[in-house]
Amino acid sequence: MNEMEAALFHEAAKKYGSVLGLSSIRALMKELGDEFQALNVIHIAGTNGKGSVCCFLASVLKEAGFLTGQFNSPAVFDLREVYQINGTWISGEEYASCMEKVAKACEKMTQKGLPHPTVFEIETALALVWFLRRKCEIVLLETGMGGATDATNVIERPLCSVFASIGMDHMDFLGDSIEKIAEIKAGIIKKNRPVISVKQEPLTEQILRKRAKEEKAVYDTAPEIKESCMKNGKLCFIYPKLGEQRLSMTGSYQVQNAALAVRTIQTLRELGFSVTDEQIKKGIETAKWSGRFERLLQKPLFYIDGAHNAEGAEELKRSLDQNFPNQKRIGIMGVMEDKPYREMIKTLKPAFEKIYTVTPDQKRALSAERLAEAWTMQGGRASAKKSVFAAVLSAYESAKEDSGDVIVLAFGSLYYLKEVKDALYQITETGN
């Protein structure tokens, strides 16, 4: 199997949909061998921020000299980006080799009359195969949409379980209340394994603490950071007893994600892993995460951000108000139909002078026309565009023509941000 064949196998597996539960991934990993259970895994769940927490942890652990595997989803810019070791993507050759091994295991399952694994189960299995093959010392494993029934929960003895902010999302799969969602996410808590969380809503925290108590797991909360400021383009905050921490990722929500990562590293130190305060500080400062309040262009200022739910919209508005309080803002928005887009619009309408809407290339996508209509009904200025390129071009030209201080921000579904990057590159490189 070559890289193209591996990518085609991945694409074909999408027809099996999303099926929550562990029976299929357990059967798949049994075919592949259960040696992966020996990996030192930090299991990370949440609704918003878990990918960023992974990024901070990976940067610190690399700085401390650990060979660190990292698995995040979904892929935004390339299929291989979700598999990384010390910040480097899996090579095309290794991707194909590992996928071939997983594909053969899938074939054995179907020959036994078992269901074919889903695409996320295949991705999870490939990651574990690669990390084991490369003898990673620590693995950062991000859940997909859930927890208890998530394929990554095939891990039985993680080093610790980590929770970023939990909110309402994926209700069709996880449940229509915060209680149901928190119960499912709490399923990654394992017996006698430490738990570290950001400060959650009271009901969510109650559910997490209850599960931790049942599993005899020590529950710890990262310090709540209420103050931060910008210094020389870096977002800075004070972490108790460690002093000032500086972030290259400037979304205001990254402060709490960084604090959670620092507390997790402190837990690792208690477990015997050697990481110095200086390595923490440097790792936190150098961490970067594509698609999360990421600047693509300096003039005009052009950012992208994966704010795709109600909580993400609130954090995005907070970041804009903190970092760009006086700038005129032009937005590009594309979302999935099952997201609370009306609530997102209510939050973000005061933050943007005008919005260009797009239809992401996904089956679940909300049409640009319906999204623009929703903005208009709430009193916003919105224009539906036939393509992402057309939206980027309109926003770019509008910002260039404006004599004031303008920022363009494309946000919403992670699935269309690659198109935004590609379109902006074409526009700026060719002058089109």
Side-chain angles (χ1 to χ4, degrees), residues 20-22 25-26 29 34-47 49-58 60-61 64 66-73 124-125 127-128 131-132 135-166 174 181-200 204-223 256-257 259-275 280:
L20 298 179
L22 300 181
I25 185 67
R26 282 173 176 158
M29 296 313 298
D34 286 330
E35 294 89 348
F36 73 95
Q37 293 289 2
L39 290 167
N40 288 319
V41 173
I42 299 174
H43 203 180
I44 303 153
T47 303
K50 59 184 185 290
S52 295
V53 173
C54 275
C55 183
F56 283 121
L57 288 171
V60 172
L61 291 169
F66 293 100
L67 190 66
T68 306
Q70 181 181 352
F71 173 65
N72 306 96
S73 66
T124 301
L128 294 172
F131 297 148
L132 186 65
K135 299 180 181 179
C136 288
E137 296 169 282
I138 297 177
V139 168
L140 306 171
L141 201 60
E142 178 191 334
T143 62
M145 69 176 75
T149 53
D150 190 88
T152 61
N153 207 32
V154 71
I155 295 296
E156 297 172 355
R157 295 282 292 172
L159 290 173
C160 57
S161 301
V162 179
F163 292 93
S165 177
I166 295 174
L174 305 181
I181 292 172
E183 286 279 2
I184 290 177
K185 296 203 183 268
I188 71 166
I189 296 174
K190 301 294 169 46
K191 196 171 188 64
N192 296 319
R193 300 286 87 192
V195 178
I196 310 100
S197 175
V198 295
K199 183 177 175 58
Q200 305 281 357
T204 301
E205 182 168 332
Q206 180 183 340
I207 290 169
L208 294 181
R209 285 186 178 275
K210 180 175 180 290
R211 176 59 184 256
K213 185 177 180 180
E214 291 170 350
E215 297 296 332
K216 296 182 173 57
V218 175
Y219 187 96
D220 194 12
T221 304
Q256 203 56 55
N257 292 332
L260 176 58
V262 172
R263 186 65 195 94
T264 301
I265 293 295
Q266 291 176 328
T267 298
L268 289 186
R269 292 203 296 202
E270 294 164 7
L271 294 174
F273 292 86
S274 178
V275 186
I280 292 175

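To the nearest 0.5 Å, the span separating CZ on Phe56 from CD1 on Ile265 amounts to 12.0 Å. Taking CG of Leu39 as the start and CG of Leu132 as the end, the distance is 5.5 Å to the nearest 0.5 Å. Here Ile25 contributes atom CD1 and Thr149 contributes atom OG1; the two are 13.0 Å apart, rounded to the nearest 0.5 Å. For the atom pair CZ (Arg193) and CD (Glu156), the distance works out to 12.5 Å, reported to the nearest 0.5 Å. In this structure, the separation between CG on Leu208 and CD on Gln200 is 5.5 Å, given to the nearest 0.5 Å. For the atom pair CD (Glu215) and CG (Asn192), the distance works out to 8.5 Å, reported to the nearest 0.5 Å.
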Legend entry - Working for side chain to side chain contact (heavy atoms under 4.5 Å, CB included), residues Val275 and Ile280: CA-CA 7 Å; Val275 186; Ile280 292 175; 3.9 Å; yes
Legend entry - Test side chain to side chain contact (heavy atoms under 4.5 Å, CB included) applied to Val53 and Val198, step by step: CA-CA 11 Å; Val53 173; Val198 295; over 6 Å; no
Inset, instruction - Decide side chain to side chain contact (heavy atoms under 4.5 Å, CB included) for Phe36 and Val139; before the verdict, give the C-alpha distance in whole Å, the side-chain angles of both, and the deciding distance to 0.1 Å. - result: CA-CA 11 Å; Phe36 73 95; Val139 168; over 6 Å; no
Legend entry - side chain to side chain contact (heavy atoms under 4.5 Å, CB included) between Thr267 and Val218, worked out: CA-CA 11 Å; Thr267 298; Val218 175; over 6 Å; no
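The shortest non-hydrogen separation linking Ala164 to Gly49 is CB-C, 3.9 Å. When all heavy atoms are compared, the tightest approach of Ser161 to Ile188 is OG-O, 2.9 Å. When all heavy atoms of Met29 and Asp34 are compared, the pair lying nearest together is O-OD1, 3.5 Å. In plain terms, the two heavy atoms of Thr204 and Ala182 that are nearest each other are CG2-CB, 4.0 Å. Here the shortest heavy-atom pairing between Ala212 and Val195 reads CB-CG2, 4.4 Å. Of all heavy-atom pairs spanning Cys136 and Thr68, the tightest one is SG-C, 4.4 Å.
Side chain of Gln256 to main chain of Pro223: a donor-acceptor pair is present (N/O by atom type, distance under 3.5 Å, no hydrogens or angles). Formation of a donor-acceptor pair under 3.5 Å by the Lys190 side chain with backbone atoms of Ile155 is found in this model. Gln70 places no side-chain N or O within donor-acceptor distance of the main-chain N or O of Leu140, the cut-off being under 3.5 Å. Within the 3.5 Å criterion, the main-chain N or O of Lys191 finds a donor-acceptor partner in the side chain of Arg157.
In this structure the side chain of Leu268 reaches within 4.5 angstrom of the side chain of Ile42, judged on heavy atoms. Annotation: side chain of Asn40 is not in contact with side chain of Glu137 (no heavy-atom distance under 4.5 Å). Residues Ile44 and Thr264 form no side-chain contact, since every pair of their non-hydrogen atoms from C-beta on lies 4.5 Å or further apart. Residues Asp220 and Pro194 are not in side-chain contact: their nearest non-hydrogen atoms beyond the backbone lie 4.5 Å or more apart.
With sequence neighbours excluded, the residues forming a ring-ring contact (aromatic ring centres under 6.0 Å, His included) with Phe66 are Phe273, listed by chain and number.
The salt bridge (charged side-chain N to carboxylate O under 4.0 Å, His left out) analysis of residues 138-154, with sequence neighbours excluded, yields the pairs Lys50-Glu142.
A salt bridge between Arg263 and Glu270 is present, with a side-chain N of the basic residue lying under 4.0 Å from a carboxylate O of the acidic one.
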